Amino acid sequence: MAQKLIDGVRVKQLKVIPDERGRLMEMLRRDDEVFLEFGQTYLTTMYPGVTKAWHYHKLQHDNFVCVRGMIKLVLFDERDGSPTRGTVNEFFLGDHNAQLVVIPPNVWHGFKNIGETESLIVNIVTKPYDYQSPDEYRLPAHENHIPYDWARKDG
Ligand SMILES: Cc1cn([C@H]2C[C@H](O)[C@@H](COP(=O)(O)OP(=O)(O)O[C@H]3O[C@@H](C)C(=O)[C@@H](O)[C@H]3O)O2)c(=O)[nH]c1=O
């Protein structure tokens with residue numbers, strides 16, 4: 001069943017164009033419906049099993065694309081007054097699912113490498129990183145009040 005998206009979260013399905021030389025995949029265009037603003041682009045990676053969480057930003061939107069490996073990206077909405085307050089979203093992104101996910105400010109988020117290779121994640125953020133005062137707010141990955149367990153759910 002499709003999950004109910006947290007208010008302000010957007011998903012863009014990406015198209016992979018393969019040929020005998022390799023592949024090409026557009027990620028974000030300024031004429032996309034989901035495009036807001038350009039700040040900078042950076043690469044963040046995770047070794048197998050690593051979780052990078054929990055983070056939120058007060059100003060910037062994140063636009064995540066996993067360009068190698070497989071990750072689960074998890075969001076938690078704790079915003080006062082949000083129509084989706086209390087909602088958790090889970091996305092499985094990467095080699096088997098080419099999507100860009102837009103995360104609005106003040107939404108908790110993080111990701112875990114669930115594959116067997118280093119995962120490469122491109123983030124196209126709406127603000128440039130401020131070295132003096134980073135727009136980064138954090139909680140520990142595993143001991144916190146967020147109702148999410150990063151462990152794999154076998155079934
Ligand atoms: C984001 C960023 C970090 N840095 C530095 C700060 C630090 O020394 C080093 C590593 O940064 P971080 O610990 O923030 O890296 P990382 O934990 O990969 O950060 C990312 O995690 C995911 C879950 C997110 O939500 C992203 O928004 C971002 O916070 O890189 C820059 O120099 N420029 C940048 O644009």
Side-chain angles (χ1 to χ4, degrees), residues 3-14 25-30 32-153:
Q3 62 184 336
K4 180 179 180 179
L5 285 186
I6 288 171
D7 190 51
V9 171
R10 308 290 302 275
V11 177
K12 178 188 172 190
Q13 199 65 43
L14 304 178
M25 180 178 77
E26 291 186 3
M27 290 189 275
L28 185 62
R29 306 164 49 110
R30 72 174 182 195
D32 271 339
E33 209 190 311
V34 301
F35 177 81
L36 294 164
E37 190 184 349
F38 178 73
Q40 70 169 85
T41 302
Y42 67 80
L43 173 74
T44 177
T45 87
M46 285 179 293
Y47 298 125
V50 168
T51 300
K52 288 185 167 180
W54 290 92
H55 301 189
Y56 76 89
H57 315 292
K58 292 185 178 173
L59 303 173
Q60 80 184 33
H61 286 68
D62 284 331
N63 291 276
F64 287 125
V65 181
C66 178
V67 297
R68 193 176 85 189
M70 281 301 293
I71 65 167
K72 65 174 171 179
L73 166 66
V74 183
L75 319 181
F76 176 59
D77 184 3
E78 199 178 27
R79 295 170 297 177
D80 284 337
S82 168
T84 52
R85 183 178 159 89
T87 303
V88 170
N89 283 166
E90 205 179 37
F91 302 91
F92 296 90
L93 306 176
D95 295 340
H96 305 298
N97 189 26
Q99 290 182 328
L100 174 143
V101 180
V102 183
I103 303 169
N106 299 308
V107 170
W108 288 109
H109 56 275
F111 30 58
K112 178 176 183 178
N113 182 341
I114 56 171
E116 289 172 1
T117 56
E118 183 180 15
S119 56
L120 309 184
I121 299 135
V122 172
N123 192 8
I124 308 159
V125 294
T126 54
K127 309 281 180 205
Y129 184 76
D130 181 341
Y131 298 103
Q132 265 64 54
S133 177
D135 180 22
E136 292 276 350
Y137 303 88
R138 299 189 178 202
L139 274 177
H142 302 291
E143 284 171 22
N144 54 64
H145 66 283
I146 294 177
Y148 188 79
D149 179 354
W150 288 98
R152 192 177 69 193
K153 285 123 195 121

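Ligands are counted one by one from 1 in listed order, and the atoms in each one are counted from 1 as well. As the structure is a computational prediction, the values presented were derived from the model and not from experiment. Side chains are part of it too, since the values below use all heavy atoms of this structure and drop only hydrogens, waters and symmetry mates.
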Numbered atoms of ligand 1 (with element) below 4.0 Å of [X], judged on heavy atoms:
X	result
T44	18 (O)
Q40	35 (O)
F111	22 (C), 23 (C)

Among all the protein's non-hydrogen atoms, which is closest to [atom], and how far away is it?
atom	value
atom 12 (P) of ligand 1	R138 NH2, 3.4 Å
atom 27 (O) of ligand 1	H57 NE2, 2.9 Å
atom 25 (O) of ligand 1	H109 NE2, 2.7 Å
atom 26 (C) of ligand 1	Y42 OH, 3.0 Å

[X] and ligand 1 - part of the residue with a heavy-atom distance under 4.0 Å:
X	value
H55	side chain
F64	side chain
D62	side chain

[atom]: protein heavy atom closer than 4.0 Å?
atom	answer
atom 8 (O) of ligand 1	no
atom 23 (C) of ligand 1	yes
atom 30 (O) of ligand 1	no

Item to complete: Answer yes if the side chains of T87 and K4 hold a donor-acceptor pair under 3.5 Å, and no otherwise.
Response: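 No, no side-chain donor-acceptor contact under 3.5 Å.
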Discussion item. Between T84 and D77, is there a side-chain donor-acceptor contact under 3.5 Å, judged purely by atom types and distance?
Written reply: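 Result is yes, a qualifying pair exists.
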Practice prompt. Measure from the side-chain N and O atoms of H55 to the backbone N and O of R138, and report whether any donor-acceptor pair falls under 3.5 Å.
Written response: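 Pair absent, no side-chain N/O of H55 close to backbone of R138.
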Item to complete: Quickly, which of D62, I103, N89 forms a side chain to side chain contact (heavy atoms under 4.5 Å, CB included) with L73? Name it, please.
Response: I103
Discussion item. Could you check whether E33 pairs with R10 (Lys NZ or Arg NE/NH1/NH2 to Asp/Glu carboxylate O, under 4.0 Å)?
Written reply: yes
Item to complete: Inspect the contact between D95 and R68 and indicate whether a charged nitrogen and a carboxylate oxygen are less than 4.0 angstrom apart.
Response: no
Item to complete: Please confirm whether F64 and F91 have ring centers closer than 6.0 angstrom.
Response: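 Distance test on ring centres: not under 6.0 Å, no.
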Worksheet item: Could a heavy atom of Y131 be found less than 4.0 Å from some atom of ligand 1?
Response: yes
Discussion item. For M46, state whether at least one heavy atom is located under 4.0 Å from any atom of ligand 1.
Written reply: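 Per 4.0 Å heavy-atom rule, M46 does not contact ligand 1.
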Discussion item. For atom 3 (C) of ligand 1, which of the options W54, Y129, W108, Y137 provides the nearest non-hydrogen atom?
Written reply: Y129
Fill in: Given Y56, Y148, W54, the one that forms ring pair (Phe, Tyr, Trp, His ring centres under 6.0 Å) with W108
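For W108, the ring pair (Phe, Tyr, Trp, His ring centres under 6.0 Å) test succeeds with only one of Y56, Y148, W54, which is Y56.
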Practice prompt. Drop me the distance from H109's NE2 to N106's CG, to the nearest 0.5 angstrom.
Written response: 10.5 Å
Item to complete: Output the distance between atom CD (E37) and atom CG (N63), rounded to the nearest 0.5 Å.
Response: 10.5 Å
